[in-house]
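Notes to accompany the following structure.
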There are 2 protein chains.
Amino acid sequence: MTTAREMFHQHGVRGVGIEAITEAAGTNKMTLYRHFASKDDLIVECLQRAAKESYLKWDELERQHPGDPKAQLHAWIGNAAECISGDWRGCEMANTAVELADDDHPAKRVIEEVKKNHRNFLAKLCARAGLDQPELAADMLGLLLEGARISRQSEGQEGPSARFKRMAEEVIATVGGLGEKA
Amino acid sequence: MTTAREMFHQHGVRGVGIEAITEAAGTNKMTLYRHFASKDDLIVECLQRAAKESYLKWDELERQHPGDPKAQLHAWIGNAAECISGDWRGCEMANTAVELADDDHPAKRVIEEVKKNHRNFLAKLCARAGLDQPELAADMLGLLLEGARISRQSEGQEGPSARFKRMAEEVIATVGGLGEKA
DNA sequence: CGTTGGTGTTACCGGTCAGTAACTATCTGG
DNA sequence: CCAGATAGTTACTGACCGGTAACACCAACG
């Protein structure tokens with residue numbers, strides 16, 4: 001199943017077949033179909049697992065800098081920047097959303113919910129960090145990250161996504177309005 | 001061929017077949033294969049046509065506000081915001097890049113070049129508009145737009161992408177450094 | 001020992017899709 | 001009026017893919 005995550009991510013959910021996944025995982029199609037009703041079902045469960053992992057990162061942030069929302073915010077930026085660098089292939093959620101043009105695919109509901117949760121977490125963090133316009137800052141940080149993950153795939157590693165960290169810091173410094181010297 | 005653009009955009013390049021395209025265009029497969037060597041070829045030519053169209057928009061910007069880079073920049077934001085609203089399905093280029101996981105697909109070269117050109121155009125415009133940090137501002141505007149186009153597909157019309165215009169204006173007001181009152 | 005539950009294997013079905021062949025119809029220009 | 005190019009039609013191939021059926025295998029557990 002971890003294998004499924006990797007292969008879906010690497011080749012896209014539409015670009016890889018069930019057989020290739022099971023083969024790579026050292027098993028076979030039948031075994032898989034005894035655990036998952038269909039390919040769509042497998043996709044959804046993969047995304048849900050990814051969602052759980054990403055939620056855990058928020059807890060980790062809190063653990064690493066307990067009671068220090070400002071440091072958590074900077075750590076969030078650091079995490080995000082680190083994700084983008086390297087030979088990455090974008091966000092599992094966003095990529096899947098693009099691939100699944102069908103709007104009523106069950107995976108879409110999962111993706112939408114997860115994205116909304118992340119935005120809300122981020123907005124709350126911005127507020128706790130004392131930013132003047134936490135909602136605006138959260139939107140900007142979110143879109144910058146989303147854009148960087150996409151740009152990474154269109155323009156490669158050297159493109160604008162390489163400057164994400166600086167942009168994000170600029171946002172919380174100027175837009176968020178920490179009061180010049182915070 | 002315009003039909004091909006629409007269908008690729010609507011259902012994704014991997015989600016629609018040659019036959020469906022030709023049928024929708026009121027013709028048939030053979031005729032298409034007399035003009036294009038393969039489906040990949042068709043994809044590439046569609047993207048190139050999309051690229052030409054997008055370049056024309058820059059000329060239009062210049063024509064609408066001749067010699068007024070600041071107005072051109074605001075008009076660019078307006079155009080972008082308008083594109084995102086409505087029942088849009090993201091950027092043809094970026095979506096295709098996500099779908100075509102294969103890195104050495106011929107379409108990838110086209111996409112990369114187009115995206116780089118747009119970034120450079122935008123950076124030059126930011127410089128002409130007198131922004132203090134035109135490169136940084138261009139990167140931010142570009143990523144915000146890219147993020148908005150993706151977020152539009154993950155979170156729907158009501159998500160952060162709806163606030164794109166305000167964010168973009170915020171960027172050129174604070175980050176670009178027009179000097180407080182420009 | 002036997003049974004039961006999970007796993008592996010093979011083969012298959014039905015469908016879709018990219019791309020081709022061969023033939024016919026239509027329109028053009030000379 | 002004829003020749004040549006272009007477009008339409010039908011049918012086909014070969015490959016892939018999602019999903020299923022039937023059956024053999026192997027373990028644990030009574």
Side-chain angles (χ1 to χ4, degrees), chain A residues 1-50 89 92-93 95-111, chain B residues 1-50 89 92-93 95-111:
Chain A
M1 170 142 186
T2 307
T3 319
R5 284 268 304 279
E6 280 171 20
M7 297 201 68
F8 279 153
H9 191 207
Q10 200 61 36
H11 306 96
V13 289
R14 296 186 94 138
V16 66
I18 294 287
E19 200 137 23
I21 295 173
T22 56
E23 198 171 316
T27 176
N28 55 5
K29 238 191 316 188
M30 272 316 297
T31 313
L32 189 146
Y33 276 104
R34 286 189 189 108
H35 292 279
F36 305 95
S38 65
K39 187 181 184 181
D40 285 345
D41 192 38
L42 175 62
I43 294 174
V44 169
E45 298 220 22
C46 279
L47 290 182
Q48 273 165 348
R49 176 172 291 202
R89 236 197 61 82
E92 294 175 81
M93 303 277 170
N95 283 4
T96 307
V98 170
E99 280 193 277
L100 270 33
D102 200 6
D103 257 357
D104 48 0
H105 192 287
K108 285 290 185 83
R109 310 172 76 87
V110 179
I111 295 171
Chain B
M1 170 143 183
T2 307
T3 317
R5 284 268 304 280
E6 279 170 21
M7 297 200 69
F8 278 153
H9 190 206
Q10 200 59 35
H11 307 96
V13 290
R14 296 185 97 139
V16 66
I18 294 288
E19 202 136 22
I21 294 173
T22 57
E23 197 172 318
T27 176
N28 56 4
K29 235 190 319 186
M30 273 315 297
T31 312
L32 189 145
Y33 274 106
R34 285 189 191 109
H35 292 278
F36 304 96
S38 67
K39 186 182 184 180
D40 285 345
D41 192 38
L42 176 63
I43 294 174
V44 169
E45 299 219 22
C46 279
L47 291 181
Q48 272 164 349
R49 176 171 289 203
R89 236 197 59 83
E92 295 175 78
M93 303 277 169
N95 282 5
T96 308
V98 170
E99 279 193 278
L100 269 32
D102 199 5
D103 258 357
D104 48 2
H105 192 287
K108 285 289 186 82
R109 309 172 77 87
V110 179
I111 295 170

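Reminder, nothing fancy here: chain letters follow the sequence lines and each chain counts from 1.
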Sugar-phosphate means primed atoms, P, OP1 and OP2; the rest is base. With that split, encode nucleotides 4-21 of chain C 5' to 3' as B, S or - using protein heavy atoms under 4.0 Å. ---BBB--------BBBB
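Enclosure of atom NE2 in H11(A) is not indicated, since only 12 or fewer non-hydrogen atoms of other residues, nucleotides or ligands lie within 6.0 angstrom.
Judged as a salt bridge (charged side-chain N to carboxylate O under 4.0 Å, His left out), the pairs with a partner in residues 95-106 of chain A (not counting sequence neighbours) are, in order, D103(A)-K108(A). The stretch residues 23-34 of chain A participates, sequence neighbours left out, in these salt bridge (charged side-chain N to carboxylate O under 4.0 Å, His left out) pairs: E19(A)-K29(A).
Under the side-chain hydrogen bond (donor to acceptor under 3.5 Å, both in side chains) criterion, H9(A) pairs with no residue, sequence neighbours left out. Shown here are the salt bridge (charged side-chain N to carboxylate O under 4.0 Å, His left out) partners of R5(A), two or more places apart in sequence or in another chain: E53(A), E92(A).
A heavy atom lying under 4.0 Å from DNA chain D marks none of the residues of residues 96-107 of chain B.
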Review item, side-chain donor-acceptor pairs of residues 41-48 of chain B, under 3.5 Å, at least two apart:
unit_1, atom_1, unit_2, atom_2, d
D41(B), OD2, A37(B), N, 3.2

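Closest non-hydrogen pair, V13(B) versus K39(B), comes out as O-NZ, 3.0 Å.
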